[in-house]
Participant: 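Shown below is the structure under consideration.
Only heavy atoms go into these numbers, but all of them, side chains included; no hydrogens, no water, no symmetry mates. For clarity, every value in this text was computed on a predicted model and none was experimentally measured. Counting starts at 1 for both ligands and their atoms, following the listed order.
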Amino acid sequence: MSDKVKIKVENISLLLEENENTQKILDNVSLKIHEGQVHALLGPSGSGKSTLLYTLNRLRQINEGNIYIDNIETRSLNILEMRRRVGLVMQKAIFFPGTVCDNILYGPRLIKEELPDPNHYLQFVGLSSDFGNRDPNTLSGGQQQRVSIARALANHPEVLLLDEPTSALDAQACEHLEEVVTNLCKEQRLTVVWVTHDLHQAQRVAENVTLLYQGKVQENGKAADFFEHPLTPEGRAYLEGRLGGVE
Ligand code: ADP
Ligand code: MG
């Protein structure tokens, strides 16, 4: 199987100006994300995981460095086209007005392609077609998260960005989602960047991991290597639950 680099993040920094202070939310971050694999972003709370994830579809702007998708610098891509190719599932879903089906069909309608059957995507995430006509805001957290994933998949993304997507799911739903996503990687070469604070989940789903701490990359590499032999004191501390986050 090829080991093609799908996303290359090269020396990016993201600065936040506050009063006289400049805070580096991301500090000279570099990593490579391979096609058809799950890449987990790890790190304690406040380490910059979500910010890094959101730079990948340009929801957050970087101040330094470059991000390439298929070797093309992302600032040169049409933003709508890029957001279709790079789907995002946020920690807490925000829905467009309308039903679950409207939300799933939102992307396909934008590009006026022949509309897919939304039930296909509902079924994919383990929801029955009865949910199609519901207002998504009336669903449970776990159900909302599944709709959010179905909506992202209906755009046929090449890359899926997941920000702690299972934090509102029970164990069974979590296992189902992990299976759905890892199958998409294997069968359709979907590339996934998965923010999680659950080390067991990262071990189950990820081929590669990046550990962030205070906006810097501490470890980058194969998941199996990281979990067995972390290379840095921060890596060891994180695996032992001793690397504190900020709230
Ligand atoms: P994580 O997802 O790892 O918990 P985040 O990427 O959400 O971390 O945040 C990283 C750091 O950046 C935190 O210290 C957070 O407070 C800060 N931060 C992120 N976005 C903003 C913002 N828009 N305004 C102020 N601070 C921010
Ligand atoms: Mg976060």
Side-chain angles (χ1 to χ4, degrees), residues 7 9-31 33 38-67 74 79 83 86-95 141-142 144-146 148-149 152 159-169 174 177-178 181 192-206 208-221 223 226-227 230 232-247:
I7 302 179
V9 174
E10 200 176 68
N11 304 113
I12 66 164
S13 294
L14 190 148
L15 313 177
L16 195 72
E17 313 274 349
E18 236 174 347
N19 307 324
E20 322 277 77
N21 298 333
T22 303
Q23 197 193 342
K24 279 203 164 177
I25 308 284
L26 296 176
D27 189 355
N28 200 27
V29 166
S30 298
L31 61 137
I33 293 160
V38 176
H39 191 115
L41 295 183
L42 303 172
S45 171
S47 56
K49 304 180 299 296
S50 298
T51 305
L52 172 58
L53 195 72
Y54 298 160
T55 65
L56 302 180
N57 78 345
R58 282 170 52 199
L59 205 58
R60 300 282 312 253
Q61 307 302 320
I62 53 177
N63 299 89
E64 293 162 11
N66 292 303
I67 299 173
T74 52
I79 190 88
R83 298 250 165 95
V86 183
L88 170 66
V89 174
M90 299 175 99
Q91 208 168 353
K92 172 95 183 67
I94 301 168
F95 294 105
Q144 290 191 359
Q145 203 58 311
R146 293 181 197 215
S148 180
I149 292 160
V159 178
L160 194 57
L161 309 176
L162 302 175
D163 196 358
E164 306 202 20
T166 57
S167 49
L169 303 189
C174 175
L177 178 78
E178 289 176 4
V181 171
V192 175
V193 188
W194 191 320
V195 173
T196 178
H197 59 253
D198 180 342
L199 291 175
H200 296 291
Q201 177 166 69
Q203 282 183 290
R204 287 193 295 271
V205 300
N208 291 295
V209 298
T210 295
L211 173 66
L212 280 179
Y213 184 53
Q214 297 179 339
K216 295 192 183 76
V217 171
Q218 308 293 337
E219 302 246 358
N220 237 343
F226 170 65
F227 288 112
T232 63
E234 290 80 5
R236 286 190 285 279
Y238 185 65
L239 292 184
E240 291 165 12
R242 293 187 285 107
L243 199 62
V246 291
E247 291 309 325

Participant: Under a 4.0 angstrom heavy-atom cut-off, which atoms of ligand 1 come close to Ile25?
Facilitator: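 Close to Ile25: 10 (C), 11 (C), 12 (O), 17 (C), 18 (N).
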
Participant: When you check the side-chain N and O atoms of Gln91 and Ser50, is any donor under 3.5 Å from an acceptor?
Facilitator: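 Checked: Gln91/Ser50 side chains show no N/O donor-acceptor pair below 3.5 Å.
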
Participant: If we only consider heavy atoms of Ser47, is any one of them less than 4.0 Å away from an atom in ligand 1?
Facilitator: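 Yes.
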
Participant: If we set the cut-off at 4.0 Å for heavy atoms, which region of Leu16 has an atom near ligand 1: side chain, backbone, both, or neither?
Facilitator: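 For Leu16, the contact with ligand 1 is made by the side chain alone.
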
Participant: Counting heavy atoms only, which part of Thr51 comes closer than 4.0 Å to ligand 1: side chain, backbone, both or neither?
Facilitator: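 Both backbone and side chain.
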
Participant: Is it true that Glu10 and Ser30 share a donor-acceptor pair across their side chains at a distance under 3.5 Å?
Facilitator: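 On atom types as modelled, these side chains do not qualify, holding no pair under 3.5 Å.
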
Participant: For ligand 1, indicate whether the residue Arg60 contacts it via side chain, backbone, both or neither (heavy-atom separation under 4.0 Å).
Facilitator: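 It is the side chain that touches ligand 1; the backbone stays farther off.
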
Participant: Can you sort out which atoms of ligand 1 are near Ser45, meaning under 4.0 Å from one of its heavy atoms?
Facilitator: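 Answer for ligand 1: 4 (O).
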
Participant: Just by distance, with hydrogens left out, do Gln218 and Thr232 show a side-chain donor and acceptor under 3.5 Å apart?
Facilitator: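 No pair is found: no donor N or O on one side chain lies under 3.5 Å from an acceptor on the other.
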
Participant: Would you tell me which option among Pro44, Gly43, Gly46 has the nearest heavy-atom contact to atom 10 (C) of ligand 1?
Facilitator: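 It is Gly46 that holds the nearest heavy atom.
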
Participant: For Pro44, is there any backbone N or O sitting under 3.5 Å from a side-chain donor or acceptor partner on Lys49?
Facilitator: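 Yes.
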
Participant: With side chains defined as the heavy atoms from C-beta onward, is the minimum distance between Val205 and Thr196 less than 4.5 Å?
Facilitator: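 In short, these two side chains do not touch, never coming nearer than 4.5 Å.
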
Participant: Of all the atoms in Ser45, is at least one N, O or S atom closer to the Mg ion (ligand 2) than 2.8 Å?
Facilitator: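 It does not; every qualifying atom lies at 2.8 Å or beyond.
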
Participant: Given side chains that start at C-beta, do those of Ile79 and Arg58 come closer than 4.5 Å, heavy atoms only?
Facilitator: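 Yes - at least one pair of side-chain heavy atoms lies under 4.5 Å apart.
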
